[in-house]
Protein chains: 2
Amino acid sequence: MREKSEETQKQILDAAKKIFAAKGLAGARMQEIADEAGINKALLHYYYRNKEKLFEQVFEGAIRKLLGPLASFLADDSELFTKIRNLCHHYYNVLIEYPFIPIFVLSEASANPDRFLRLMKFEGVVEAKEKTRMQIQQYINEGKIRPIDPRELLWNIMSLCIFPIVSRPIAVEILYSNDDVSEVLKQRADRVADFVIQSIKM
Amino acid sequence: MREKSEETQKQILDAAKKIFAAKGLAGARMQEIADEAGINKALLHYYYRNKEKLFEQVFEGAIRKLLGPLASFLADDSELFTKIRNLCHHYYNVLIEYPFIPIFVLSEASANPDRFLRLMKFEGVVEAKEKTRMQIQQYINEGKIRPIDPRELLWNIMSLCIFPIVSRPIAVEILYSNDDVSEVLKQRADRVADFVIQSIKM
DNA sequence: ACATTTTTTAACCAAATGGTTAAAAACAAA
DNA sequence: TTTGTTTTTAACCATTTGGTTAAAAAATGT
């Protein structure tokens, strides 16, 4: 009995994931989520009191899957170029599986950054990022890489990892004229890492 | 008399720009736009029949400002590194003024690409892009730059130019802890161009 | 068979919102 | 002052939408 209930709740969360990703918080309709989950609105509200709570649940779950490992990768003691490579792979691995995460963060964390920031702090991303920032600065001071604002370097890496996921549907049309882009994306983690490393190495 | 009318319409468009950028199409409220413009809802509907039309006007105007010059920059005969620099500057210039363009294109034009693709073809972006692709390929063949799939290079440039605009509200908090990021963004066009060129040059 | 839990049905409410209307008022040009 | 245009006021409508309710029904466990 408990199984059935939990299965339904998972169906709801999956449906919500999909609809929220496509329409955003404001654009999503509770009825549409219920339809997508194959249930009715009453049951939807039975399990999740309201839209906000439902969104919060979906959003936080997704973000945790991204941020937890990210913090680990940022905080570990590996050499910088290795770390960059790890970062790229992590981003691509998670985002290919959960491509809706960036859309969430971009459309919703912009409107309401508090929630997102709270999660970041909880997962320890802030400190981990600071550590990497110092590592980059040290590499620059030691003349191991070209001078660059560490924040810009991190922002560049994020851009190169996240944007292709988000823009995939458009890129398929304007760049890869309907070729299969899945394979391209899978190999892209290494290509992007190469691109970044090539740009900063002496 | 005509002046006053047109001034009001411009105030409306400016207000709409701002609100749509912050809240998106679904999240924006006509009342809020009217308030922002310093007029009332009746007058807002007097000049712009409905929300859709208002958005269409703002959006198409903005996208033309992006695509038209983009096609020109892609199609002209300048040297590749210059072209990359021009591209970056153009992206940053337009997107700082119309930061909602990427969000809309990503969220709405993905599901219904007709309008966007129509505009792209109309502005001649497709042919211009093809020309640049060939130029890149030629540079590679002549050993002037490192080998890279031209499509990936273009995708990287787009990522580095567009994503920071989209992720600005988040970056302000997690990277630039509430520093003024406007100045950073303005200077970023050149930095990004450097970054790209550094990465591909021999 | 009985009790418990899950799900549906279907009607309903309240608030928000896009949009309309018509008349008054403010304004500018002649 | 007269005339035409712009703007405000303020009430109003229709629809959408989030959310509730209560009872029936279906499914499930014991």
Side-chain angles (χ1 to χ4, degrees), chain A residues 1-61 100 103-104 107-108 110-112 114-115, chain B residues 1-61 100 103-104 107-108 111-112 115:
Chain A
M1 207 70 184
R2 216 170 46 224
E3 276 177 39
K4 190 79 198 231
S5 168
E6 280 169 12
E7 191 190 322
T8 302
Q9 292 181 55
K10 190 167 178 289
Q11 280 174 359
I12 294 176
L13 287 179
D14 284 343
K17 237 192 275 186
K18 191 173 168 182
I19 303 297
F20 281 138
K23 313 263 174 114
L25 173 57
R29 301 284 156 244
M30 292 300 269
Q31 186 61 58
E32 204 179 351
I33 293 173
D35 291 347
E36 178 73 29
I39 55 158
N40 53 30
K41 211 174 59 168
L43 192 61
L44 178 58
H45 281 97
Y46 171 74
Y47 281 119
Y48 298 91
R49 194 178 308 282
N50 58 42
K51 199 182 177 182
E52 283 289 329
K53 297 269 182 212
L54 176 58
F55 182 83
E56 200 110 348
Q57 191 121 343
V58 175
F59 183 73
E60 294 201 10
F100 54 89
I103 302 172
F104 271 179
S107 60
E108 303 304 335
S110 305
N112 180 9
D114 288 345
R115 171 169 42 197
Chain B
M1 208 69 185
R2 216 169 45 225
E3 275 176 38
K4 190 83 197 226
S5 168
E6 281 169 12
E7 191 190 321
T8 302
Q9 292 181 55
K10 191 167 177 288
Q11 280 173 0
I12 293 176
L13 288 179
D14 284 342
K17 228 196 287 184
K18 189 171 168 183
I19 303 297
F20 282 139
K23 312 267 175 108
L25 174 56
R29 301 284 156 243
M30 293 298 270
Q31 186 60 59
E32 205 178 352
I33 293 173
D35 291 347
E36 179 72 32
I39 55 155
N40 53 29
K41 213 175 58 169
L43 191 61
L44 178 58
H45 281 98
Y46 170 75
Y47 281 119
Y48 298 91
R49 195 179 308 281
N50 57 42
K51 197 180 177 182
E52 284 288 329
K53 297 267 182 214
L54 176 57
F55 185 85
E56 199 112 348
Q57 191 119 344
V58 174
F59 178 72
E60 290 208 11
F100 60 89
I103 299 172
F104 177 85
S107 63
E108 313 235 4
N112 186 15
R115 167 167 45 189

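The chains referred to below are lettered A, B, ... by the order of the sequence lines, with proteins before strands, and numbering in each begins at 1. All values below come from the heavy atoms of this structure, side chains included, with hydrogens, waters and symmetry mates left out.
Rounded to a whole Å, the CD1 atom of A/Ile19 is 13 Å from the P atom of D/dT17. Atom-to-atom, OH of B/Tyr48 to P of C/dT20 comes out at 16 Å; the value is rounded to the nearest Å. Spacing between atom CD of A/Gln9 and atom C1' of C/dT5 amounts to 13 Å, rounded to whole angstrom units. If you take CD of A/Gln11 and P of C/dT7, they are 8 Å apart, rounded to a whole angstrom. Distance B/Glu32 CD to C/dA16 P: 14 Å, rounded to the nearest Å. For B/Ile39 and D/dT8, the CD1 to P distance is 7 Å, given to the nearest whole Å. Atoms CD (A/Glu6) and P (D/dA27) sit 20 Å apart, rounded to a whole Å. Counting to the nearest Å, the P atom of C/dT9 and the CG atom of A/Leu43 are 11 Å from each other.
Side-chain N/O atoms of A/Lys51 and base N/O atoms of D/dG19 include no donor-acceptor pair closer than 3.5 Å.
Put simply, the side chain of A/Lys23 does not reach to within 4.5 Å of the side chain of A/Arg29, judged on heavy atoms. The shortest side-chain heavy-atom distance between B/Leu54 and B/Ile12 falls under the 4.5 Å cut-off.
Dashed line: the shortest gap from a side-chain N or O of B/Asn50 to OP1 or OP2 of C/dG18 is not under 4.0 Å. Distances shorter than 4.0 Å separate some side-chain N or O of A/Thr8 from OP1 or OP2 on C/dT7. Residue A/Tyr46 places at least one side-chain N or O under 4.0 Å from the OP1 or OP2 atom of C/dT6.
Under the 3.5 Å distance criterion, the side-chain polar atoms of B/Lys17 are left unmatched by any main-chain donor or acceptor of B/Phe100.
When each of C/dT8, D/dG18, D/dT6 is scored by its nearest atom to the side-chain atoms of B/Ser5, the top-ranked nucleotide is D/dT6. The side chain of B/Arg29 has C/dG18 as its nearest neighbour among D/dT8, C/dG18, C/dT7. In the set C/dG18, D/dT6, D/dT21, the nucleotide with an atom closest to the side chain of B/Lys41 is C/dG18. Distances were taken from every side-chain heavy atom of B/Tyr47 (C-beta onward) to each of D/dG19, D/dT6, C/dA10; the shortest belongs to D/dT6. Nearest to the side-chain atoms of A/His45 among the listed nucleotides D/dG18, D/dT7, C/dT7 stands D/dG18.
Between A/Lys18 and A/Asp14 there is no salt bridge, since none of the side-chain N atoms of the basic residue sits less than 4.0 Å from a carboxylate O of the acidic one.
A pairwise comparison of heavy atoms in A/Met30 and A/Leu44 identifies O-CD2, 3.3 Å as the closest pair.
Take the nearest nucleotide of DNA chain D for A/Ala42 and for A/Ala26: the residue whose nucleotide is more 5' is A/Ala26.
Residue contacts shown for A/Ala28 are limited to sugar-phosphate atoms, with no base heavy atom under 4.0 Å away.
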